[in-house]
There are 2 protein chains.
Amino acid sequence: MLSFDEHTRVRLNKFSFLVILSLFVLASDFVLVWEVMVRRKCRSRGQSQGEEAVEAAQEESRSERRKAQLAQWRDKFIQNLQSAGLLMEKVHVKKTVHYLKLHAPWDVLVYYAEELRLRAPLQVQPHPDYNTSARVLQKLWVPNIMKDSVPNRPVDYYTCAFRKFLGSDDRENYFTNTQRHRIVYEILARTVYGRRKRAEVGVARLLNEGAFTGAFPLHEVRHKTPYTLNKRQVLYHYWSNWLKWYKYQPLDHIREYFGEKIALYFAWLGFYTAWLLPAALVGTCVFVSGILTMGSNTPAKEICESGGLYLMCPLCETCKPWNISDICPMVGYLFDHPGTVFFSVFMSLWAVTFLEYWKRKNATLAHHWDCMDFHEEEEPPRPEFAAMAPAMEENPVTGVKEPYFPEKARISRMLTGSMVIVIMLCVVMIFLVTVIIYRSIVSVMMFETGSSAGNIANISSSLVNLALILLMGQVYTALAEQLTKWGRLSAHIRPHKATHAQGFKSNQCGPGGCLIELAEQLCIIMVGKQLINNVQEFVIPKIKSWRQKRALSSVKKAQKAEEPKRWEQDYELIPCEGLFDEYLEIVLQFGFITIFVAAFPLAPLFALLNNWVEVRLDACKFVCEYRRPVAERAQHIGVWFIILEALSHVSVIVNAFLIAFTSDFLPRLLYQYKFNNDLHGYVNFTLAYSPPSYNYSSHTVCRYKAFRDENGKYTLVYWELLAARLGFIIAFEHVVFFVLRVIDWMVPDIPESLELKIKRERYLAKQALADKQEAL
Amino acid sequence: MLSFDEHTRVRLNKFSFLVILSLFVLASDFVLVWEVMVRRKCRSRGQSQGEEAVEAAQEESRSERRKAQLAQWRDKFIQNLQSAGLLMEKVHVKKTVHYLKLHAPWDVLVYYAEELRLRAPLQVQPHPDYNTSARVLQKLWVPNIMKDSVPNRPVDYYTCAFRKFLGSDDRENYFTNTQRHRIVYEILARTVYGRRKRAEVGVARLLNEGAFTGAFPLHEVRHKTPYTLNKRQVLYHYWSNWLKWYKYQPLDHIREYFGEKIALYFAWLGFYTAWLLPAALVGTCVFVSGILTMGSNTPAKEICESGGLYLMCPLCETCKPWNISDICPMVGYLFDHPGTVFFSVFMSLWAVTFLEYWKRKNATLAHHWDCMDFHEEEEPPRPEFAAMAPAMEENPVTGVKEPYFPEKARISRMLTGSMVIVIMLCVVMIFLVTVIIYRSIVSVMMFETGSSAGNIANISSSLVNLALILLMGQVYTALAEQLTKWGRLSAHIRPHKATHAQGFKSNQCGPGGCLIELAEQLCIIMVGKQLINNVQEFVIPKIKSWRQKRALSSVKKAQKAEEPKRWEQDYELIPCEGLFDEYLEIVLQFGFITIFVAAFPLAPLFALLNNWVEVRLDACKFVCEYRRPVAERAQHIGVWFIILEALSHVSVIVNAFLIAFTSDFLPRLLYQYKFNNDLHGYVNFTLAYSPPSYNYSSHTVCRYKAFRDENGKYTLVYWELLAARLGFIIAFEHVVFFVLRVIDWMVPDIPESLELKIKRERYLAKQALADKQEAL
């Protein structure tokens with residue numbers, strides 16, 4: 001590495017030092033914070049007696065040693081930062097909270113800009129119009145209310161990798177704020193604070209050890225309003241504003257302020273929300289068409305008009321027989337009519353098409369933001385890891401000795417991906433298991449106490465399920481964190497298999513049909529979970545930031561007269577926790593709406609409503625409640641895309657099985673084909689007579705829903721139906737997967753216009769190079 | 001583009017001209033050939049009378065005009081080549097065959113080397129040991145007979161993209177022969193011979209028009225034996241030699257002489273052949289285990305010992321009833337026992353694992369040969385296309401006007417890929433259709449004339465099928481060529497659906513079972529087709545080269561005394577036709593062995609034997625019978641890999657259906673589960689009684705293979721079995737595809753050691769750059 005003696009020399013040169021210092025007051029790039037508690041309480045306690053005192057004294061001395069260690073590390077770290085060329089200014093707040101403001105001078109910036117391959121602007125280019133909806137509306141001459149004229153739109157440049165000779169006269173504004181942050185963060189991450197051999201490197205580990213309590217770049221001022229809005233103010237007024245709910249997000253502004261990684265998340269969220277519109281529309285239509293055709297449906301009419309015709313067998317030992325007309329009106333029909341099958345197919349195709357077009361959108365954005373060729377750098381060993389490494393080994397790439405975890409990298413990467421898929425599958429399991437358990441509970445309760453109690457049981461069970469899922473979510477997240485931390489699969493979670501109710505009831509769903517039960521639960525979970533989540537997201541940051549403020553209030557009292565400084569304000573905010581939770585929430589939602597679409601066609605609508613709130617809520621969080629994160633680059637949404645793809649495939653399979661086995665679609669079709677196209681007598685067709693053994697024991701003959709003969713054996717129709725069901729699954733899966741393949745193959749991953757543009761740019765670059773060399 | 005006036009000037013400088021000329025005699029890079037026929041015959045004909053004479057004269061004048069046109073183009077082309085800096089020497093052979101030897105001087109080479117981003121050698125590095133089998137054997141201390149010490153192994157270099165300043169003192173040997181060829185070919189392809197606007201550019205179109213009859217780089221001498229072997233002689237003795245059939249191919253030598261594209265084909269072929277070994281082994285075991293267990297199989301014994309117990313219904317109106325013991329011995333059992341199911345699963349996994357490991361091998365080779373970052377350049381419009389372009393349009397990348405085909409590029413690319421898949425699927429169709437048609441033919445013939453005639457029909461039908469497939473292959477290839485040429489899907493080929501034999505016979509295969517019929521045909525086709533193909537490949541080039549020689553013999557007579565020059569010898573060879581046919585043949589074979597594995601477990605063995613021959617046969621062709629092709633670079637085997645993947649997926653589906661519906665596996669399993677674990681009475685179980693309507697019309701009661709009751713209706717067992725079959729398909733597909741996914745995901749596409757090496761190299765390069773810049 002280059003030593004920065006030159007810079008130190010420059011710094012010592014008095015004149016330039018002054019010049020730089022004057023600039024420096026204007027722009028500090030990064031703030032390091034640490035707190036030194038003066039332990040008065042301990043001393044007062046020290047007067048207690050005997051062993052306790054000794055113990056206390058020991059503990060105190062231990063903590064004192066620890067503090068000394070931390071202080072030593074801190075000092076060495078700051079010293080090394082200085083010799084790496086960073087300029088710094090210290091601010092104390094009553095000797096307890098210390099702020100160290102860092103600033104990178106031009107030479108440091110230039111060196112690291114080249115090393116990090118930052119992009120340097122070459123030439124202004126016009127903004128591409130990358131919203132397909134905007135383009136379409138413009139072509140149709142429809143005024144586009146989603147368009148919003150946000151001030152200070154960042155200029156779009158042709159760029160190239162930064163080279164030293166590209167330096168500019170306007171040294172203060174040549175690098176953007178986010179670039180400066182990245183450079184300073186890179187220095188902070190590389191600087192040694194102890195022994196290199198022990199991997200005592202980088203600010204992340206120091207934060208972890210507690211030597212610093214904060215390391216963050218400064219936000220721009222939010223509250224004061226000068227003549228022009230600064231970047232954060234623009235975001236505050238035009239993005240995180242609830243009144244802008246129907247507008248496009250100002251993605252370029254987000255990218256300028258937060259970096260590509262966060263901008264890409266919001267772009268994806270917005271894109272997904274937009275794609276939910278057609279799904280919600282079709283879903284609502286399917287639901288409404290169900291309501292409209294319910295009256296004219298023959299089996300529903302037959303059930304409601306049957307009166308005492310079909311005496312049903314009691315569902316438990318102590319229950320009484322009941323009439324099938326009791327379950328009228330047939331709400332189940334809403335979730336189980338031919339439209340549902342159509343909607344399942346539609347949503348499978350929708351999911352894949354959505355992913356295909358997201359690839360295109362992603363490529364467009366990545367090109368627009370110059371991240372196309374960006375590959376994530378090899379991560380250095382994480383500070384948490386480094387601390388617990390069992391061995392030191394030579395890094396085969398750099399040849400430097402580093403803390404070593406055998407097979408760590410690959411396994412942890414594999415786990416991160418696989419865990420989320422496992423989570424998703426477990427959620428699916430929970431659903432299926434709960435439906436089965438719940439079915440028996442409801443069927444028992446319902447016929448002991450009457451119909452209304454059944455409804456109560458129904459809803460309460462869903463609520464329990466919701467609580468369970470929320471809890472499970474927490475457990476799984478914690479688990480996933482633990483797993484990535486330990487890099488080892490320490491626990492296999494297998495949901496207990498519910499014991500099947502045996503006997504002649506086993507084939508019987510609740511009286512309203514199978515799908516309706518699933519539907520009710522999904523409805524409650526979908527709406528409930530999202531509401532709770534949103535409230536959580538809204539309230540928790542508030543609480544956290546209130547706690548942070550209160551902790552600092554004692555310190556602040558002393559200087560109440562002064563106006564709080566920017567670094568103090570930012571220190572009061574909560575640290576940004578990354579995008580994992582945000583992605584997880586939406587990916588789970590995507591799983592819900594694609595996997596259980598056959599059970600609940602309104603799911604996309606609720607998802608749409610939720611996401612409209614979610615976008616602005618997340619925006620608020622990032623603009624007002626988080627400390628400013630260091631801008632990171634990203635080419636795509638990473639592992640989440642793979643998970644989305646896996647989910648969309650799982651959804652096809654689950655849908656095929658749901659339609660085949662839980663819906664009445666195939667029995668109805670079979671009856672139409674074999675007996676009566678109008679479905680007259682269908683209800684009778686689906687009901688079996690109770691076996692003689694049951695009748696003899698002083699019961700009357702009753703009916704139950706199954707295809708069995710008088711001896712309880714399966715009839716020929718049962719096997720026919722089973723063959724039809726399995727045949728349906730095969731046909732459904734093969735056709736849908738084939739169509740998905742074709743879609744995948746027909747829609748190019750990069751839009752043609754963009755591909756052309758990239759080629760054109762490459763050609764021009766080559767041309768320019770040739771010209772230049774000719775000139776030499 | 002740079003004009004090469006400098007070079008022209010250099011050439012005119014007398015001294016350097018002589019120097020270069022002296023070198024030039026040693027190394028001519030490329031040869032252009034054209035023939036000018038002196039049309040004596042026409043004149044003698046010209047004496048005939050009237051209209052004919054006029055017509056002949058007209059035609060003559062037309063052909064004269066054409067000849068003049070060609071000559072003009074040729075002259076202009078050669079002139080332009082000269083001004084592009086190429087040196088040339090003309091050799092006439094009796095004024096009819098003209099040879100033009102081309103040579104690229106140093107400056108031209110340097111300019112184009114940079115433009116084409118050729119790789120320049122930097123530093124010698126040790127050869128990686130990239131044969132896994134060699135590594136394994138070495139670890140086990142087993143002597144490796146496959147290892148062969150081939151002389152003159154090319155040195156392996158660290159390379160970088162060529163830059164002008166990298167020039168060397170040893171100008172004659174700095175660029176390899178293949179690099180020189182590529183450069184000269186690039187110049188030939190770019191040089192204008194007519195009007196640029198009409199896209200009258202490039203030697204390919206001139207060859208097409210007939211202005212030249214040949215354009216090829218020179219082979220090295222094969223026959224004379226100097227003290228050291230040259231590259232071609234090494235290949236001749238160590239590669240295309242039949243005695244080397246058990247040795248590794250000298251891939252580095254092949255790459256050095258023929259370029260990466262061809263070397264990659266042979267690497268793939270060798271890799272595939274090696275992977276066929278375990279498949280052939282397991283297949284043979286399965287087959288042998290079938291033979292061994294045949295005697296102890298209960299249903300087979302029951303059939304053979306039944307005597308007159310089961311009187312079978314006649315298979316046609318005029319046939320007589322027959323006893324089921326007539327079909328003894330049960331050859332069908334060989335192809336239809338539990339091992340077959342195991343082998344199907346095995347081959348599905350084998351196919352996917354093979355493809356996964358090929359990816360790794362490919363990555364290793366691509367890295368070793370420096371093609372990792374190579375992307376195929378945008379192809380210029382093909383000369384055949386250019387001639388028939390309907391319109392001129394500006395190329396959106398370069399801004400130059402070019403012949404334009406609307407939507408051409410994408411559609412033709414899509415077609416090339418899709419056509420081959422369609423071909424494969426059609427072959428599958430043909431099989432299935434033929435089996436059905438042939439079944440009825442055989443069943444009729446067999447029972448009119450006795451059993452031996454049936455066998456004859458059986459075999460003859462297979463032969464007809466073989467002929468059909470060979471013919472179809474020709475038709476399809478021609479079609480594919482036409483299609484890529486026209487870039488339009490001009491014909492949809494749909495094989496006619498065979499009319500199902502209706503009635504109570506429809507569920508009945510030939511007497512030996514369904515799989516055996518498929519197996520017999522596959523056997524004949526597999527062995528027959530490959531034999532014929534190999535003979536074709538061996539004989540056709542011989543015939544072609546004999547014709548070529550004969551055509552030139554009249555010319556050669558005159559100069560018999562002289563020894564034939566190298567360019568004359570090469571011109572006598574046949575032009576290299578590319579790798580399309582070679583790939584197609586092996587990919588079809590891969591399709592056969594994976595898709596019909598359930599029907600014919602010996603297929604991999606025959607494929608293995610065929611490929612052992614194929615490798616050396618193709619080697620012979622390339623070394624001895626083809627003109628030397630221009631070395632091309634390639635990163636992977638391209639679209640063929642996608643086709644292989646599609647085939648491996650299709651094979652899983654086809655296998656699932658074959659096992660479920662044509663094999664006796666599931667009926668046997670069902671019988672074991674429901675009735676008797678020992679399969680006693682199984683034969684009776686599968687046979688139905690003929691319906692009363694049939695019995696009344698003066699027939700006796702007879703049996704036929706179906707699950708129907710006395711009235712011809714399907715029994716409950718039929719539906720149970722159908723459900724089991726469909727359930728089996730679902731289970732089989734889901735399990736196998738899931739395992740395939742897991743394999744795909746567990747096996748990284750690039751071996752870890754290679755990935756590490758690449759990272760290490762990148763790190764060192766970065767380091768070196770940093771050091772250099774520090775030094776500046």
Side-chain angles (χ1 to χ4, degrees), chain A residues 1-3 111 114-115 163-164 378 395-399 409-410 414 417-418 642 646 649 653 656-657 660 713-730 733-734 737 741 745-746 748 752-753 755-764 766-767 769-770 773-774 776, chain B residues 1-2 111 114-115 163-164 378 395-399 409-410 414 417-418 642 646 649 653 656-657 660 713-731 733-734 737 741 745-746 748 752-753 755-764 766-767 769-770 773-774 776:
Chain A
M1 218 179 80
L2 241 169
S3 82
Y111 176 79
E114 190 164 6
E115 179 122 341
R163 293 289 174 85
K164 261 175 203 155
E378 264 315 280
N395 182 333
V397 175
T398 56
R410 250 193 81 210
M414 276 164 68
S418 62
I642 298 165
H649 289 174
I653 296 172
F657 277 88
K713 286 199 171 172
Y714 290 119
T715 58
L716 196 121
V717 171
Y718 172 82
W719 293 108
E720 274 182 343
L721 188 59
L722 186 60
R725 283 177 164 159
L726 295 171
F728 174 80
I729 291 174
I730 293 175
E733 286 188 4
H734 281 96
F737 277 121
R741 278 241 161 165
W745 186 62
M746 293 284 286
E752 288 109 56
S753 61
E755 208 172 351
L756 212 61
K757 205 176 158 196
I758 293 170
K759 272 185 204 157
R760 174 88 186 147
E761 279 170 19
R762 242 184 243 155
Y763 175 81
L764 288 177
K766 216 169 147 187
Q767 210 73 342
L769 201 74
Q773 286 194 328
E774 206 166 349
L776 285 177
Chain B
M1 218 179 79
L2 241 169
Y111 176 79
E114 190 164 6
E115 179 123 342
R163 292 290 175 83
K164 259 176 203 156
E378 265 312 283
N395 181 332
V397 175
T398 55
R410 249 193 80 212
M414 279 163 65
S418 61
I642 299 166
H649 289 175
I653 297 171
F657 277 88
K713 285 198 171 173
Y714 289 120
T715 58
L716 196 121
V717 171
Y718 173 83
W719 292 108
E720 275 182 343
L721 188 60
L722 186 59
R725 284 177 163 159
L726 296 171
F728 174 80
I729 291 174
I730 293 175
E733 286 189 3
H734 282 97
F737 277 121
R741 277 242 163 164
W745 186 63
M746 293 283 286
E752 288 110 54
S753 60
E755 208 171 351
L756 212 62
K757 203 176 160 198
I758 293 170
K759 274 185 203 155
R760 174 89 186 146
E761 279 169 19
R762 243 184 242 153
Y763 174 80
L764 288 177
K766 217 171 146 185
Q767 209 72 340
L769 202 73
Q773 287 193 329
E774 206 166 347
L776 284 178

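Reckoned from all heavy atoms, side chains included, excluding hydrogens, waters and symmetry mates. In the text below, chain A, chain B and the rest are named by the order of the sequence lines, each starting its count at 1. Predicted model only: the values in this text are computed from it and were never measured.
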Any residue meeting salt bridge (Lys or Arg N to Asp or Glu O under 4.0 Å) with A/Glu733, in chain and number order, not counting sequence neighbours = none
Contact check, side chains of A/Phe657 and B/Ile730, non-hydrogen atoms, under 4.5 Å = yes
At a heavy-atom separation under 4.5 Å, does B/Ile653 approach chain A through its side chain, its backbone, both, or neither?
->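 The side chain, not the backbone.
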Taking only residues two or more places apart in sequence, or in another chain, which ones meet A/Leu716 in a side-chain contact (heavy atoms from CB on, under 4.5 Å)?
->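 A/Glu720, B/Leu716, B/Trp719.
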Between chain B and each of A/Ala656, A/Gly727, A/Ala723, count heavy-atom pairs under 4.5 Å; write down the option with the most.
-> A/Ala723
